[in-house]
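Everything below concerns the one structure shown next.
Each chain gets a letter, A, B and so on, in the order its sequence line appears, and its residues count up from 1. Since we're looking at a predicted model, the values are computed, not measured.
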Amino acid sequence: MAKRSERQFWLFKSEPDSFSIDDLARTPGRTTFWSGVRNYQARNFLRDTIQVGDGVLFYHSSTDPLAIVGTANVVKKGYPDHTAFDPKDSHYDPASDPAEPTWYMVDIRLEKIFPKPLTRDRLQATAALKGMMLLKRGSRLSIQPVTASEWAAIHKLAVVKES
DNA sequence: GCCAACGTTGGC
DNA sequence: GCCAACGTTGGC
């Protein structure tokens, strides 16, 4: 794994019915482990690429309105997702061996909740975000890389007053 | 190793 | 609620 010093950016999807940004705000230390990811591509990001200090866009999926609702920072890098070992957990995976875990997670701490959710409609109407993975048809990946320019464009949108 | 069938995701 | 896109599974 190549070492890097540059901060990288990510988008984490969550269905607010199961875990919303307000739930994160209520969590002690405004910090949570991001468990339950059961997709290999997302797992690889969590295990191998995401570093402490990286920025996270918090996205609400399968809801109305669909929106980026705030930001968080990575405070702990990839470590085994223990929910895979718990038969009572809905994300239990008997194939994941604690001695050689299949699934990983990171910890994130809430940075800020946007004063107004940045809706998907608005993202789609923004030229600078044309190529964003989130906006591609059939983009199901729940942990997505975000480019530095997309990150900057989104922050600009989040503070610009809506007309 | 191919690929049809199936289950899930998630926008619409 | 619908269904396209995608990932996984399993028969061959």
Got a sec, which pairs hit salt bridge (Lys or Arg N to Asp or Glu O under 4.0 Å) with one end in residues 12-28 of chain A, sequence neighbours left out?
-> A:D23-A:R26

Sorted by first residue and then second, give each salt bridge (Lys or Arg N to Asp or Glu O under 4.0 Å) pair with at least one member in residues 70-94 of chain A; sequence neighbours left out.
-> A:R38-A:D81

Selection residues 59-69 of chain A - residue pairs positive for side-chain hydrogen bond (donor to acceptor under 3.5 Å, both in side chains), sequence neighbours left out | A:Y59-A:R120

Partners passing side chain to side chain donor-acceptor pair (under 3.5 Å) against A:E111 (at least two apart in sequence or in another chain) = A:T71

Pairs in or reaching into residues 6-29 of chain A: which pass ring pair (Phe, Tyr, Trp, His ring centres under 6.0 Å), with residues at least two apart or in two chains?
->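 Output for this query lists A:F9-A:W151, A:W10-A:F45, A:F12-A:W34.
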
Distances under 3.5 Å between nitrogen or oxygen atoms of protein and nucleotides 8-12 of chain B:
residue, atom, partner, partner atom, Å
B:dT8, O2, A:R140, NH1, 2.8
B:dG10, OP1, A:K13, NZ, 3.0
B:dG10, OP1, A:R140, O, 2.6
B:dG11, OP1, A:Y59, OH, 3.2
B:dG11, OP2, A:S62, N, 3.1
B:dC12, OP2, A:R120, NE, 3.2

